[in-house]
Student: 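Provided herewith is a single structure, encoded as structure tokens, for subsequent inquiry.
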Amino acid sequence: MAKFSSSFAATATAILVGTAPVSAFSPAASIISTKLHQHTAFSTVTRPMIADLMAEATTTIPSYINQQVVPSYVETTSNLLSFSDQGQNLAGIFFQASLLPYLTFLYFLSFRGNRTPDLGNFGFQYLLLFVLGTIPSGIITKSTYGESLANVDWLHGGAEALLTITNVLIVLGFREAMTNPDYTKSGSKFGIAPKIIGGIGVILFAVACALGTGLGFQAHSPFLFGAGNLPEDTVISLPFVMHSEPVNALSIPTWAIHFSSVFEFLFAMDIIWKFASTTDNPKWKGLTWGMLPLHASGIAACTYHFFYNPSSLQFLVELQAFLTLLGNVTCAIAAYRIAISNGWTLKELNPFPKSDISPEGIAIDEAAALPYNVVAATDSELVLAAKLFGLTLVSSYVLKYGELALDLPLTENGIAAGAIVFGIPAITGYLYYNRSKEESGEGFILPSFGKDGEGLSMADVKKYGAAGTVAYVLTELAFWAVAFPVASTALYQTTGHWPDVINDNGDRAAVLAFIFTGANIARLLVPLRLGAALALAPWVDENILNKAAAKKEDS
């Protein structure tokens with residue numbers, strides 16, 4: 001009976017959660033019904049008859065459930081949980097952790113004193129729909145095809161299209177505020193049309209997720225039916241082609257979506273940099289610097305696709321997730337600095353209605369009503385769209401078919417992958433460094449967290465003399481002392497084995513990538529590092545320098 005009860009409970013649970021139909025009981029029930037029908041020849045139901053039926057039930061139902069229902073239930077449940085299981089790896093943890101800082105970023109960005117353009121602000125909010133869109137698409141790819149989203153082109157391209165819409169909305173919103181002289185009075189000339197288009201994009205993607213598998217789309221069915229893909233015979237006949245494409249290679253439409261997202265994000269960084277002049281608030285340039293890790297995250301995704309998504313380069317996925325988390329944190333810090341420079345205080349967190357005669361509130365409202373410093377647009381939206389389309393199309397064809405002339409994409413070279421991921425954003429950062437140097441005379445100014453720019457600097461450390469310098473060196477050494485063990489542990493949590501940095505190029509590249517990324521986090525947290533050095537300086541002076549001087553005098 002215990003076996004019967006457990007099997008019955010498994011089936012009942014499967015039915016309740018919807019993973020097994022009620023008809024799961026029907027075959028066993030029909031056997032018992034037949035048995036009961038055999039006994040109906042008797043005018044009365046006797047105790048032996050009941051015992052016979054119970055014996056039949058305890059043998060027939062458990063046998064059927066264990067052989068037919070439970071395996072189906074377990075398989076279905078496994079498929080349903082497969083996407084959740086991804087959340088337990090390093091990439092999933094980073095992606096989940098990145099949500100809170102992004103919501104914090106949206107809160108500070110939306111502060112009324114910032115004068116953030118409505119459409120641009122909506123664009124940043126729209127990104128949440130892209131994040132939500134990856135959930136059903138991820139479930140479908142795992143449960144239906146047993147693949148990751150990166151390998152299912154039609155869903156991959158559809159999800160990334162929402163990211164492209166995000167970047168377009170951001171660019172349109174900030175650009176119009178900078179160039180439309182009537183924006184402050186009459187609002188956006190686009191009206192609600194961009195928001196409606198964004199909503200249509202979400203609906204179309206939802207419909208594709210719901211109906212795609214039923215329409216016969218396979219794991220490697222190309223996005224938008226592969227519009228623009230060259231015929232296989234044509235590709236093979238190209239004189240420079242040395243390799244054939246793997247089956248999971250991205251289609252032209254999917255590559256176009258990726259390239260357009262990268263280019264649009266670079267446009268957004270440039271426009272937000274210029275928005276500092278539009279609002280007479282240089283803190284907006286800090287948001288451009290804060291967006292740099294997100295740019296690197298996009299490059300990490302493209303690099304993974306460049307190598308055809310091999311499992312041996314899984315660290316790129318973890319790195320992409322980590323850079324997303326890092327970028328959301330730096331953007332949140334940048335938005336906070338913008339907000340406090342425009343009058344945000346802790347009083348804004350008060351959920352109750354604010355006084356209409358509050359001096360602080362009146363000052364913020366007056367600042368929010370100030371007009372923008374409008375500049376004439378050099379190109380129309382149509383011209384910019386044409387440039388973006390041409391650049392995207394050329395880049396997609398060059399990469400998709402040009403890499404077939406190279407051995408590198410098939411070598412799964414972790415060092416080369418890391419160089420691409422950090423090299424391209426490093427160039428972007430260097431360009432903004434020179435741009436900042438030309439405009440302000442300084443290449444990169446350490447972020448401060450005060451309203452008027454006050455904050456810690458190396459000058460504060462130098463005030464402690466040799467003790468301050470030694471303390472700063474010790475804090476740096478402490479970072480590097482823990483960097484390798486932390487990076488090794490991260491690799492172990494991701495791959496299930498400890499890194500072999502001597503014999504395995506992939507492990508060596510992964511560990512170096514984690515350490516390099518951690519070093520960049522430390523650079524972004526300069527105020528905390530300087531604060532640690534200042535706190536350590538008195539101890540260094542008393543326990544190291546003074547004791548060393550005393551020993552020298554005794555000798």
Side-chain angles (χ1 to χ4, degrees), residues 14 17-21 71-92 95-96 129-164 201-229 232 244-258 261 300-318 320-321 400 409-410 412 494-496:
V17 301
T19 57
S72 175
Y73 165 69
V74 172
E75 179 182 1
T76 306
T77 306
S78 177
N79 287 335
L80 289 175
L81 295 178
S82 61
F83 181 77
S84 301
D85 292 342
Q86 295 181 46
Q88 303 308 312
N89 61 29
L90 198 58
F95 278 129
Q96 293 169 35
L129 295 178
F130 160 71
V131 174
L132 291 176
T134 60
I135 296 176
S137 56
I139 293 176
I140 293 172
T141 57
K142 293 297 290 185
S143 63
T144 303
Y145 306 118
E147 293 276 4
S148 66
L149 181 58
N151 288 327
V152 182
D153 195 76
W154 66 275
L155 278 171
H156 183 195
E160 289 292 331
L162 299 180
L163 182 58
T164 295
V202 173
I203 294 173
L204 290 176
F205 179 68
V207 170
C209 289
L211 303 180
T213 55
L215 294 175
F217 289 172
Q218 301 301 313
H220 302 300
S221 296
F223 177 54
L224 295 181
F225 304 99
N229 283 356
E232 186 176 352
S244 58
E245 276 192 314
V247 68
N248 66 334
L250 270 60
S251 63
I252 284 293
T254 302
W255 267 125
I257 287 293
H258 281 75
S261 295
C302 292
T303 303
Y304 187 57
H305 304 327
F306 172 78
F307 286 94
Y308 301 110
N309 313 327
S311 58
S312 61
L313 295 183
Q314 179 67 18
F315 80 90
L316 288 175
V317 179
E318 277 77 30
Q320 177 199 0
K400 177 174 174 62
L410 300 174
E412 304 177 8
T494 304
T495 63

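Values reported hereafter were calculated over all heavy atoms of this structure, with side chains retained and with hydrogens, waters and symmetry mates removed. Index from 1, following the sequence.
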Student: Looking at every non-hydrogen atom in both residues, tell me the closest pair between L313 and E412 and how far apart they are.
Tutor: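 Taking every non-hydrogen atom into account, CD2-O, 3.7 Å.
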Student: Once side chain to side chain contact (heavy atoms under 4.5 Å, CB included) is applied, do any residues pair with V152, and if so which ones, sequence neighbours excluded?
Tutor: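 Partners of V152 under the side chain to side chain contact (heavy atoms under 4.5 Å, CB included) test: T141, Y145, E147, W154, L155.
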Student: Under the side chain to side chain donor-acceptor pair (under 3.5 Å) rule, what pairs show up with a residue in residues 208-226, not counting sequence neighbours?
Tutor: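 Residue pairs with at least one partner in residues 208-226: there are none.
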Student: Could you state the interatomic distance from CG (L162) to CG (L129), rounded to the nearest 0.5 Å?
Tutor: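 Separation between the atoms: 7.5 Å.
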Student: Please report the closest heavy-atom contact between C209 and I140, naming both atoms and the distance.
Tutor: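 Smallest heavy-atom distance, with atoms named: O-CD1, 3.2 Å.
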Student: Enter the distance from L250:CG to F306:CZ here, rounded to the nearest 0.5 Å.
Tutor: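 Going from the CG atom of L250 to the CZ atom of F306 covers 12.5 Å.
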Student: Measuring from T134:OG1 to I139:CD1, what's the distance to the nearest 0.5 Å?
Tutor: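 Rounded to the nearest 0.5 Å, the OG1-CD1 separation comes out at 9.5 Å.
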Student: Could you check if a side-chain atom of F315 sits within less than 4.5 angstrom of a side-chain atom of Y304, using non-hydrogen atoms only?
Tutor: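 Counting from C-beta outward, F315 and Y304 never come under 4.5 Å.
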Student: Mind checking side chain to side chain contact (heavy atoms under 4.5 Å, CB included) for A321 and listing every partner two or more places apart, or none if nothing turns up?
Tutor: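 Scan of A321 (side chain to side chain contact (heavy atoms under 4.5 Å, CB included), adjacent residues dropped) gives A91, F94, F95.
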Student: Locate the shortest heavy-atom distance separating S261 from T164; write the atom from each residue and the value.
Tutor: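 In this case the closest contact between S261 and T164 is OG-OG1, 2.7 Å.
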Student: Identify, with sequence neighbours excluded, every residue that meets side chain to side chain donor-acceptor pair (under 3.5 Å) alongside N229.
Tutor: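 Scan of N229 (side chain to side chain donor-acceptor pair (under 3.5 Å), adjacent residues dropped) gives none.
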Student: Please check: side-chain N/O of K400 versus main-chain N/O of W255, any donor-acceptor pairing under 3.5 Å?
Tutor: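 Judged by distance alone, no pair lies under 3.5 Å.
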Student: Between L410 and P246, which heavy-atom pair has the shortest distance, and what is it?
Tutor: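 Nearest heavy atoms, L410 then P246: CD2-CG, 4.4 Å.
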Student: Applying side chain to side chain contact (heavy atoms under 4.5 Å, CB included), name anything that partners L211, two or more places apart in sequence or on another chain.
Tutor: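 Side chain to side chain contact (heavy atoms under 4.5 Å, CB included) check on L211 returns V207, L215.
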Student: Which residues pass the side chain to side chain donor-acceptor pair (under 3.5 Å) test with S251, sequence neighbours left out?
Tutor: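 Counting only residues at least two positions away or on another chain, S251 forms a side chain to side chain donor-acceptor pair (under 3.5 Å) with D153, T254.
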Student: Looking at residues at least two apart in the chain, or sitting in another chain, which of them share a side chain to side chain donor-acceptor pair (under 3.5 Å) with Y308?
Tutor: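 With sequence neighbours excluded, Y308 shows a side chain to side chain donor-acceptor pair (under 3.5 Å) to E403, given in chain and number order.
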Student: Kindly give the heavy-atom pair with the smallest separation between G133 and S137, and that separation in Å.
Tutor: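 Heavy-atom minimum between the residues: O-OG, 2.9 Å.
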Student: When you measure from the side chain of N151 to the backbone N and O of N248, does any donor-acceptor pair fall under 3.5 Å?
Tutor: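 It does not hold such a pair.
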Student: So which heavy atom on A150 is nearest to which on H156, and how close?
Tutor: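 Taking A150 first and H156 second, the nearest heavy atoms are O-ND1, 3.4 Å.
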